Amino acid sequence: MNYPMLSQFLIYSLMMNYMILFLWFFIFIYARNFLKKLHSQWFNLSDQTFDTIHYSGMAMYKIAILLLNLVPFIAIVLIQKT
């Protein structure tokens, strides 16, 4: 696998992961009551715990996107320029 192909793969992966993150965020914002009702069938969660779990999950997912997609992409771009 060459550098241009790898950088293209990472950029597409970055875009898809951010689309998933935005979808999760918008579903959480606009369908929060539905999600809470759905999760309440399985778990006994307070509103504060439910919000904390989702915001923490989004934060961890965003950090994973940055570490696994953006940082390697930047490294490959810097390697290509030298």
Side-chain angles (χ1 to χ4, degrees):
M1 184 178 280
N2 54 16
Y3 287 134
M5 185 187 310
L6 188 57
S7 65
Q8 187 177 18
F9 169 77
L10 287 171
I11 216 58
Y12 283 132
S13 178
L14 181 72
M15 289 187 304
M16 285 189 290
N17 279 303
Y18 265 109
M19 286 190 309
I20 292 169
L21 183 63
F22 286 136
L23 179 67
W24 183 3
F25 175 75
F26 287 123
I27 289 173
F28 181 73
I29 294 297
Y30 294 112
R32 183 184 178 282
N33 292 332
F34 171 74
L35 284 176
K36 175 76 168 107
K37 182 179 172 186
L38 181 69
H39 286 99
S40 294
Q41 293 175 357
W42 301 305
F43 308 107
N44 185 17
L45 299 172
S46 67
D47 286 344
Q48 185 177 8
T49 304
F50 181 75
D51 291 344
T52 302
I53 289 169
H54 276 278
Y55 283 126
S56 299
M58 284 185 238
M60 288 188 294
Y61 190 68
K62 185 176 181 180
I63 290 169
I65 293 170
L66 294 173
L67 289 176
L68 298 174
N69 291 305
L70 186 61
V71 172
F73 174 73
I74 292 170
I76 288 173
V77 168
L78 291 174
I79 289 172
Q80 286 178 327
K81 289 188 178 192
T82 59

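Quantities reported herein were computed from a predicted structural model and do not represent experimental measurements.
- Here CG of D51 is found 9.0 Å from NZ of K36. Values are rounded to the nearest 0.5 Å.
- In this structure, a donor-acceptor pair under 3.5 Å is absent between the side chains of T49 and T52.
- Cluster membership check: F25 shares its hydrophobic cluster with I27, using side-chain heavy-atom separations under 4.5 Å among Ile, Leu, Val, Met, Phe, Trp and Tyr.
- Note that CG of L70 is 11.0 Å distant from OG of S13, once rounded to the nearest 0.5 Å.
- Using modelled atom types, one finds a donor on one side chain and an acceptor on the other under 3.5 Å when comparing Y61 with N17.
- With rounding to the nearest 0.5 Å, the separation of CZ in F22 from CE in M58 is 11.5 Å.
- A tilted orientation is assigned to the rings of F50 and H39, their planes being inclined by 30° to 60°.
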Quiz item: L14 and F73: side-chain contact (heavy atoms from CB on, under 4.5 Å), yes or no, with the steps?
Solution: CA-CA 9 Å; L14 181 72; F73 174 73; 5.7 Å; no
Quiz item: Can D47 and R32 be said to form a side-chain contact (heavy atoms from CB on, under 4.5 Å), step by step?
Solution: CA-CA 10 Å; D47 286 344; R32 183 184 178 282; 3.7 Å; yes
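- Once rounded to the nearest 0.5 Å, the distance linking CG of L10 with CD1 of I74 reads 10.5 Å.
- Here Q8 contributes atom CD and N2 contributes atom CG; the two are 9.5 Å apart, rounded to the nearest 0.5 Å.
- The main-chain N or O of I79 is found under 3.5 Å from a side-chain atom of T82 such that the two form a donor-acceptor pair.
- Sparse packing is recorded around CG of N44, with 12 or fewer heavy atoms of other residues, nucleotides or ligands lying under 6.0 Å away.
- A distance of 10.0 Å separates CD1 in I76 from CZ in F9, rounded to the nearest 0.5 Å.
- I65 and M60 are assigned to two separate hydrophobic clusters, defined by single-linkage of ILVMFWY side chains at heavy-atom distances under 4.5 Å.
- For F28 and Y55, the ring centers are positioned less than 6.0 Å apart.
- Linking ILVMFWY residues whenever their side-chain heavy atoms come closer than 4.5 Å, directly or via other members, places Y3 and M5 in the same cluster.
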